[in-house]
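Accompanying notes for the structure given below.
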Amino acid sequence: LPRSEMKERIDYALDLVDLKHFKHRLIHSLSGEQKQKLAIACALAMEPELLILDEPTANLDPASGFELVRTLKKLKNKHSFSILVIEHNLDHWLEIMDRCIILNSAGELFFNGPPSVCFNHFANELASEGIWLPRAIDAGLKLREAGLLMSSSLPMTIDELIENSLDIGKTIKFLTTDVHKQKPNLSPAIFEVRDVSYSKDNHVLIEDISISINSGEIIAIAGSNGSGKTTFSKCLAGLIPSRGDIKFCGHFLGDWPEDQKWSRLGYVFQNPEH
């Protein structure tokens, strides 16, 4: 394309995904959601008739995933093109899906048709195939079996789930009975973290975190994209310098000889190529 048209296409595509004011930012400085939107803008700049998205929300937190789907919904309403989404987590997509094509574990076509028909008639078969059921569908199945749904049809969204509940109080109680109760852990602490902070380029990424991690525990560190989860894990492993105190097995992390530390502490990076 001529350069003049390139510039117009770039501005047009960035505007579609609300990134025009980030036009001169370095790509590596963008958040995961912004990078995903930029990748979509690259495809939209070519004005395609069909946009194929391969697990576009896989590396996004729930809020960013919701925002991305909302952006695509807005684009679909404004412009005439088809969207084909390859996805296993359908929670955000159900509202905008016209049709779903399900493949079984053998790679064969299992279903091709409206989502409402698919999930109302084949939900149990999908679960047995290892296919994630949307939260509303999964909860609806349990409520239907317990006789707590007004309709025999399964709800497609959380809003529909609430609307179709016979008794919202009983519904909430029923769906939360399996939530794990926190048990006291009397095992010795393997990590003792006190007031750990980390800054980069005068920007505070984590600040004054203090926790203990006991032997045998399974712990999840949750947070939105860019909240500092990976940074904190690297501080725990001594891969980046941090302020504050970190003790591992009773000794300050910096006092451990590297060969001894790495014989007792394993670290798996987010990017498997690392």
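Side-chain atoms are counted along with the backbone in the values below, which use heavy atoms only and exclude waters and symmetry mates.
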**Message:** Let's go through K173 and K170 carefully: what are the C-alpha distance in whole Å and the side-chain angles of both, what is the deciding distance for side chain to side chain contact (heavy atoms under 4.5 Å, CB included) to 0.1 Å, and is it a yes or a no?
**Reply:** CA-CA 5 Å; K173 188 176 180 181; K170 287 182 179 178; 5.6 Å; no

**Item:** Verdict with reasoning, I131 to L103, per side chain to side chain contact (heavy atoms under 4.5 Å, CB included)
**Value:** CA-CA 9 Å; I131 296 168; L103 303 183; over 6 Å; no

Taking [X] for its side chain and [Y] for its backbone only, find out whether a donor-acceptor pair lies under 3.5 Å.
X	Y	answer
N164	E160	yes
R25	S29	yes
D15	D11	no
S165	D167	no
R144	S152	yes

**Asked** For E5, does the CD atom sit with more than 12 other heavy atoms under 6.0 Å from it, leaving out its own atoms?
**Response** yes

**Asked** Would one find more than 12 heavy atoms of other residues, nucleotides or ligands at under 6.0 Å from atom NZ of K261?
**Response** yes

Can you list every ring pair (Phe, Tyr, Trp, His ring centres under 6.0 Å) pair that touches [range], not counting sequence neighbours?
range	answer
residues 134-164	none
residues 20-48	none
residues 124-172	H88-W132

Quick one: pull up [atom1] in [X] and [atom2] in [Y] and give me the separation to the nearest 0.5 Å.
X	Y	atom1	atom2	answer
E163	I168	CD	CD1	10.5 Å
L84	L53	CG	CG	8.0 Å
N120	L141	CG	CG	9.0 Å

Return the set of residues passing side-chain contact (heavy atoms from CB on, under 4.5 Å) with [X] (not counting sequence neighbours), or none when no residue passes.
X	answer
A189	E192, N214
S82	L50
A136	I158
M97	L90, W93, L94, C100, P115

**Request:** Could you list the residues that satisfy side-chain hydrogen bond (donor to acceptor under 3.5 Å, both in side chains) with S105, not counting sequence neighbours?
**Result:** E129

**Fill in**
Here the salt bridge (charged side-chain N to carboxylate O under 4.0 Å, His left out) pairs for residues 79-103, sequence neighbours left out, are D91-R135

**Prompt:** Would you call K142 and E145 a salt bridge, using N to O less than 4.0 angstrom?
**Reply:** no

Applying the 4.5 Å side-chain criterion to the ILVMFWY set and letting contacts propagate, would [X] and [Y] be lumped into a single cluster?
X	Y	value
Y12	I10	yes
L75	I96	yes
L14	M6	no

**Request:** Apply the test side chain to side chain contact (heavy atoms under 4.5 Å, CB included) to residues V85 and L51: give CA-CA distance (whole Å), side-chain angles for both, the deciding distance (0.1 Å), then the verdict.
**Result:** CA-CA 8 Å; V85 183; L51 185 63; over 6 Å; no

Sequence neighbours excluded and cut-off under 3.5 Å, please list the side-chain donor-acceptor pairs for residues 236-258, or say none.
residue	atom	partner	partner atom	Å
W256	NE1	F248	O	3.0
E258	OE1	W262	NE1	3.0

**Request:** Answer with yes or no whether the side chains of N104 and E108 bring together a donor and an acceptor at under 3.5 Å.
**Result:** yes

**Message:** Run the ring-ring contact (aromatic ring centres under 6.0 Å, His included) test against F81 and tell me which residues pass, sequence neighbours left out.
**Reply:** none

**Prompt:** How are the rings of H274 and F269 set to each other: parallel, tilted or perpendicular (split at 30° and 60°)?
**Reply:** perpendicular

**Request:** Report yes if the side chains of H121 and F111 come closer than 4.5 Å at any heavy-atom pair, otherwise no.
**Result:** no

Listed pairs under 3.5 Å, donor-acceptor, residues 198-213 side chains, sequence neighbours left out:
residue	atom	partner	partner atom	Å
D208	OD1	S197	OG	3.2
S210	OG	D195	N	2.8
S210	OG	D195	OD1	3.4

